[in-house]
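Single-structure report; data block below.
Proteins come first, then strands; the chains are lettered A, B, ... in the order of their sequence lines, and each starts at number 1. Note that the coordinates shown come from a computational prediction; the quantities given were computed from them, not determined experimentally. For the numbers below, each heavy atom of this structure counts, side chains included, while hydrogens, waters and symmetry mates do not.
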Number of protein chains: 2
Amino acid sequence: MNGTADRMDEMKDDARLDGMKDEALLVAGQAVSLRSLVADRLRLAIITGRFRPGQQLRERELCELTGVSRPSLREALRQLEAEGLIATAPHRGPVVAALNVEEVGQLYALRQVLESFAAREFARLRRPADIAALKAAVKRLDEVEKAGTPLEMLEIGTAFYGAIATGSGNPYLAQTLGALHNRIALIRFISLHRRARIAQSFAALRALSEAIIAGDETLADRLCTELLEAVGATARAVVEAGYRLPGSADDAGLAA
Amino acid sequence: MNGTADRMDEMKDDARLDGMKDEALLVAGQAVSLRSLVADRLRLAIITGRFRPGQQLRERELCELTGVSRPSLREALRQLEAEGLIATAPHRGPVVAALNVEEVGQLYALRQVLESFAAREFARLRRPADIAALKAAVKRLDEVEKAGTPLEMLEIGTAFYGAIATGSGNPYLAQTLGALHNRIALIRFISLHRRARIAQSFAALRALSEAIIAGDETLADRLCTELLEAVGATARAVVEAGYRLPGSADDAGLAA
DNA sequence: GATCGTTTTTTTGTCTTACAAATTTACAAA
DNA sequence: TTTGTAAATTTGTAAGACAAAAAAACGATC
């Protein structure tokens, strides 16, 4: 997600007496540049709906909001643009990307393929650390199902899908899925206000995690495909309703 | 690939007398900003090996080479960074991304899933314009197989895969695949110097296109998966050989 | 009163200059 | 050879400025 990927020179044929991993010593490459912070903030503002889909973002306003200079801000904007979160028309500036029903369907079709592949790979590899992370995600799932705000549920849902993406053992797959999740995060967030769907989704997530832990690649693949079929339908419904919460007369939705 | 995505307001319920499509009238949104030109040039330089994997890129040099100021250059760099073509370490500047064997395997695994999905969707949809584009790509394939430079073959190969990506009808899939192809373009280019593999690959591409045109989704999927298994193995071999052309003592490869 | 054309204003795109911070390199000393 | 220090290079960030384009406001004409 961060875009920065370092790699240390490997130490070959170096007899190691301790069991410490090299990664535990790595301190450089934390990438705390101002522009990446700005990109993170703006990304969060977009995926949480602080900036609505279709909203025009003026550079001057963003400079005041973030407190950084224009060059830094613009570099951050280019990053978000590459991630697909904003669209920039020449001489008209950045606009928060707004998805129509067709586009959401296409994104979810892609997500279905990628996430099912990740689940299958996860079930095949079953690396202990990833399994533990998945179990922890399931545990948090149980905790918030009864009484949890939509924002909390969005977070643990993201953690759950993140665990699956990581468990695939393929960083590029995980990164692609992460970017995809950012693009649909707002829709997911709105979807989570439909409590009827939540129970179904959570049950499906549990079944999926069990299939992965059991190492049943075929089942994991199928369950994930079916799950995404369902959430994709909900997502399309959300967009068709104009990004509005069900039952609420949210006039801000007109901006989209 | 360009990062800019405009959308005109749709005309609903507007009785049309002519058969012209709205897209044929769209003139805005060509995105000819300087920074996008710079990004295109740098991308091409990386893809074609003008900048070698692992090579450090100094901003000042790039400014002189491209003739633009630092702000514009840096915005272009952020875009390439998001595309994964360069990696930026804090206070050390951009470096052309260098892939090891494991990473190439992971990229090709992802490509396998995405491209097979695209082929399957293409075979399902079979839109006339896309079919025509595919046939044109096959035709060009025949022309360059006998006598063609590796660069020419890389180009038509890219056109072929581009036709498949477009034919999927999913722009996000096409964009993801396009970015992925950029990351492995140099490896593909080097692979194309192994003439023995070329005949096999080209034959496989023809079989794949026939399956798509015939509308055989299952066959298209399987052929594509098999094809990518083969080219993936070649790609790993190229990286294992240090990005060097087979048989040539290219000492520049040591930079990787 | 509505439409068209012009002018003004705002906003983006780009460049120049500048300086702080960090890294790398060079160099001297133990 | 290694270590410590200083210089030079390079990146990160900021501020100011101007041209170009788009949007908005305004006025003129039908």
How long is the line joining CD of E75(B) and P of dC15(C), in whole Å? 10 Å

Touch check for R74(B), heavy atoms < 4.0 angstrom, all strands: base, sugar-phosphate only, or nothing? base

Think R60(B) has a side-chain N or O under 4.0 angstrom from the OP1 or OP2 of dT10(D)? yes

When the distance from CZ of R58(B) to P of dT23(C) is rounded to whole Å, what number comes out? 17 Å

In terms of side-chain heavy atoms of H91(B), which of dA22(D), dT11(D), dA15(D) is nearest? dT11(D)

Atom pair distance, as rounded to whole Å: CG in L77(B) and P in dT10(D): 15 Å

Should S72(B) be listed as having a side-chain N or O under 4.0 Å from OP1 or OP2 of dG13(C)? no

Please confirm whether any donor atom in the side chain of R70(A) sits under 3.5 Å from an acceptor in the base of dG16(D), or the reverse. no

Under a 3.5 Å limit for both distances, which nucleotide forms a Watson-Crick or G-U wobble pair with dT11(D), could you say? dA20(C)

Taking any heavy-atom pair under 4.0 Å as a contact, classify L57(A): base, sugar-phosphate, or nothing. sugar-phosphate

From the candidates dT16(C), dA21(C), dT13(D), the one with an atom nearest any side-chain atom of S69(B) is dT16(C)

Could you state the CD-C1' distance from E59(A) to dA15(D), rounded to the nearest angstrom? 15 Å

Any chance you could measure R70(B), atom CZ, to L73(B), atom CG, to the nearest 0.5 Å? 8.5 Å

Measure from CG on L73(B) to P on dG13(C) and round the result to the nearest Å. 17 Å

Provide, to the nearest angstrom, the distance between the CD atom belonging to Q56(B) and the C1' atom belonging to dT11(D). 10 Å

Of the nucleotides dC15(C), dT14(C), dT12(C), which one has an atom closest to the side chain of V68(B)? dC15(C)

May I ask you to verify if any side-chain N or O of R35(B) is less than 4.0 angstrom from the OP1 or OP2 atom of dT14(C)? yes

Could you check how far CD of E64(B) sits from C1' of dT16(C), rounded to whole Å? 16 Å

If you check the P71(A) side chain, which of dG13(C), dT10(D), dA15(D) turns out closest? dA15(D)

Could you walk me through whether R78(A) and R74(B) satisfy the side chain to side chain contact (heavy atoms under 4.5 Å, CB included) test, starting with their C-alpha distance in whole Å, then the side-chain angles of each, then the deciding distance to 0.1 Å, before giving a yes or no? CA-CA 10 Å; R78(A) 293 295 89 73; R74(B) 284 174 62 91; over 6 Å; no

Can you tell me if the side-chain N/O atoms of R92(A) get under 4.0 Å from OP1 or OP2 in dA23(D)? yes

Side-chain heavy-atom pair R52(A), V96(A) within 4.5 angstrom cut-off: no

About how many Å separate CD of E61(B) and CZ of F51(B), when rounded to the nearest 0.5 Å? 8.0 Å

Checking side chain to side chain contact (heavy atoms under 4.5 Å, CB included) against L62(A), which of V38(A), V68(A), L57(A) comes through? L57(A)

